[in-house]
Amino acid sequence: MLLTVSGRTDSYVQFLTVLVIFVFVLLITYWVTKWTAGYQKGQTANTNMEILETIRLSNNKLVQIIRIGRKYLAVAICKDTVTMLTEISEQDLVFSDKNTGGTQGFKDILEKIQKKNFLEKEDGRDE
């Protein structure tokens, strides 16, 4: 009987050790990710170039509106080439107050998915 209690204690100690190591690795990963994101954001902040909008035409073909200094350009991006299409005046562009650069945060994407799943479940109940 003494052997079984000792075996259980060893199992709990091993479990707690693995759990603590796992949480430690998660915290280190979180910190490194935050640091890397901050570093990359600092590298691109206050630059003279910015991608304003992107639309995908096919797997390897894009059209982007970019700002270089005070000029706005439309460019076509293919697998091996980048071609300037035209210069666009600032008055012709429509700027939205949503996230800049066309990117969304993880929270926004998660909320969209949750809302979509909720609506799908409601539709399934009505049938």
Checklist entry - Are V63 and L73 linked, directly or through other ILVMFWY residues, by side chains that come within less than 4.5 angstrom of each other? => result no
Next on the checklist: So, taking the atom named CD1 in I77 and the one named CG in N60, what distance separates them when rounded to the nearest 0.5 Å?
Outcome noted: 11.5 Å
Item to check | Donor-acceptor pair, side chain of R67 and main chain of G69, under 3.5 angstrom | outcome: yes
Checklist entry - With hydrophobic residues grouped by side-chain heavy-atom distances under 4.5 Å, do M84 and I68 end up in a single group? => result yes
Item to check | From I113 atom CD1 to K116 atom NZ, the distance as rounded to the nearest 0.5 Å | outcome: 8.5 Å
Checklist entry - Are the side chains of F24 and I28 in touch, meaning some heavy atoms are under 4.5 Å apart? => result yes
Checklist entry - Are M49 and V82 in one and the same hydrophobic cluster, where Ile, Leu, Val, Met, Phe, Trp and Tyr link if side-chain heavy atoms are under 4.5 Å apart? => result yes
Checklist entry - Which heavy-atom pair separates I88 from D92 by the least distance, and what is that distance? => result CG2-CB, 3.9 Å
Checklist entry - For the side chain of R56 and the backbone of N59, is there at least one donor-acceptor N/O pair under 3.5 Å apart? => result yes
Next on the checklist: Within a 6.0 Å radius of atom CG on L16, are there more than 12 heavy atoms belonging to other residues, nucleotides or ligands?
Outcome noted: yes
Item to check | Hphob cluster co-occupancy, W35 + L27, side-chain heavy atoms under 4.5 angstrom | outcome: no
Next on the checklist: Test: salt bridge (Lys or Arg N to Asp or Glu O under 4.0 Å). Region: residues 71-91. Which pairs qualify, not counting sequence neighbours?
Outcome noted: none
Checklist outcome for this item: When rounded to the nearest 0.5 Å, the distance separating CZ of F106 from CG of L110 is 5.0 Å
Checklist entry - Does a sphere of radius 6.0 Å around CG in N117 hold more than 12 heavy atoms from other residues, nucleotides or ligands, not counting ones at 6.0 Å or beyond? => result yes
Item to check | Same cluster (ILVMFWY, side-chain, under 4.5 Å), L85 and I51 | outcome: no
Next on the checklist: Just verifying a value: how many Å separate L62 CG and E53 CD, rounded to the nearest 0.5 Å?
Outcome noted: 12.5 Å
